[in-house]
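Just so you know, these numbers use all the heavy atoms, side chains as well, and skip hydrogens, waters and symmetry mates. Residue numbering restarts at 1 for every chain, and letters A, B, ... go by the order of the sequence lines.
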Number of protein chains: 2
Amino acid sequence: MDKKALFHKLVSFTSSVHRVTNELTLNAKPDSVTQVQYKILEYITVNQPVTPSDISDCQNMSMPNTSRELKKLSEYGFIEKMNDTEDRRKQYIRLSKAGEIVMEEAFAMIESRFLNRVQKASEEDLEDIERALDILQTKLFHQ
Amino acid sequence: MDKKALFHKLVSFTSSVHRVTNELTLNAKPDSVTQVQYKILEYITVNQPVTPSDISDCQNMSMPNTSRELKKLSEYGFIEKMNDTEDRRKQYIRLSKAGEIVMEEAFAMIESRFLNRVQKASEEDLEDIERALDILQTKLFHQ
DNA sequence: CCCCTTAATTATCATTTGATAACTAAATAG
DNA sequence: CTATTTAGTTATCAAATGATAATTAAGGGG
């Protein structure tokens, strides 16, 4: 296998993924939060509960900036902070009820655009897509 | 096929793609350009020649901002603008020699990280990956 | 020709994001 | 018990990005 060719295929693939992700999520984000804040909310939604350090690592932003954005999200009422009972330096962050509602709305919009995109796909196509997602997830985009 | 389940699979998949892309491209970008400028260079690299309007559409940034960043990239000597001979409003943009060198370096770094990531993959795995990329590209992330 | 549209530019301003230093408080190692 | 490390915060500044209005120049339809 020509790994160089595979690499180039990956490059144009990721570029497509980014473009389509942009299309699907366009304006899905509520106006009340910025792009970075939305990314944080998305991360929390999928991984909650998370600590500020987790967010800092995974979104690669510095702790001070992470802390600032979390403070805003907390002020807007989209997240809740809880202290760890064992290590009192740590916090656990979850979506609040309002945060859940906001993210459900965003995801509903994204989902409807996704459905639109696969509208014409046959049952077989969908199964191919699912298999392909699984393969790439486990063999290439793991961890 | 449960499309809702497929959608959720897609969500975590795209999140993985973004995470891995971040890992692979971390610090690959030359310090001389900003994140947005690098994204533009990447887009030009893969799709050249492109017009400012193409860039504006695909990176969804406004024309004024696109124009500003292209001007900077041009001043830095990374791109070249050529006029369309038929429609003299249009421009075609390509990487300059310097731009090619810079992007080759960036891609070399990304590629070596990619190779590292698929180091342990068998020949069969690689073929699976390639097939999966093709399937998703044509059936889901097309256009 | 005139009007409307398209492609791109310039200028300007507000907002977001990134980076850094200095700090508090709790845990942990010696 | 002290020193160091870890988790998180606050404040502040600089830079990057986004948004908008006004402009130039060319193409296209009537």
Between [atom2] on [N] and [atom1] on [X], what's the gap in Å once rounded to a whole number?
X	N	atom1	atom2	value
A/Leu70	D/dT10	CG	P	11 Å
B/Glu86	C/dT6	CD	P	19 Å
B/Asn83	D/dG27	CG	C1'	15 Å

[X] has a side chain; which of [options] sits nearest to it?
X	options	value
A/Thr34	D/dA21, C/dT17, D/dG8	C/dT17
A/Asn65	C/dG18, C/dT10, D/dG8	C/dG18
A/Ser53	C/dA27, C/dA21, D/dG8	D/dG8
A/Lys90	C/dA8, D/dA7, D/dT20	D/dA7
A/Arg89	D/dA25, D/dA7, D/dG8	D/dA7
B/Arg88	C/dA21, C/dA11, D/dA26	D/dA26

[X] near the nucleic acid: base, sugar-phosphate alone, or nothing, with a heavy-atom cut-off under 4.0 Å?
X	answer
A/Gln37	nothing
A/Asp87	sugar-phosphate
A/Gln59	nothing
A/Lys81	sugar-phosphate
A/Glu69	nothing
B/Thr51	sugar-phosphate

Return no unless some side-chain N or O of [X] is found under 4.0 Å from OP1 or OP2 of [N].
X	N	result
B/Lys72	C/dT10	no
A/Gln35	C/dT15	no
A/Lys71	D/dT10	yes

Counting only N and O atoms by type, is there a donor-acceptor contact under 3.5 Å from the side chain of B/Thr66 to the main-chain atoms of B/Ser62?
yes

Does any N or O in the side chain of A/Asn22 come within less than 3.5 Å of the main-chain N or O of A/Arg19, such that one atom is a donor and the other an acceptor?
no

Rounded distance [0.5 Å steps], SG in B/Cys58 versus CD1 in B/Ile40:
11.5 Å

Nearest-0.5 Å distance, NZ of residue A/Lys9 to OG1 of residue A/Thr14:
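That separation rounds to 13.5 Å.
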
Record whether the side chain of A/Arg68 comes under 3.5 Å of the base of D/dG8 through a donor-acceptor pair of N or O atoms.
no

Intermediate values then yes/no, salt bridge (Lys or Arg N to Asp or Glu O under 4.0 Å), A/Glu23 and A/Arg113:
CA-CA 9 Å; A/Glu23 271 176 48; A/Arg113 288 181 183 154; over 6 Å; no

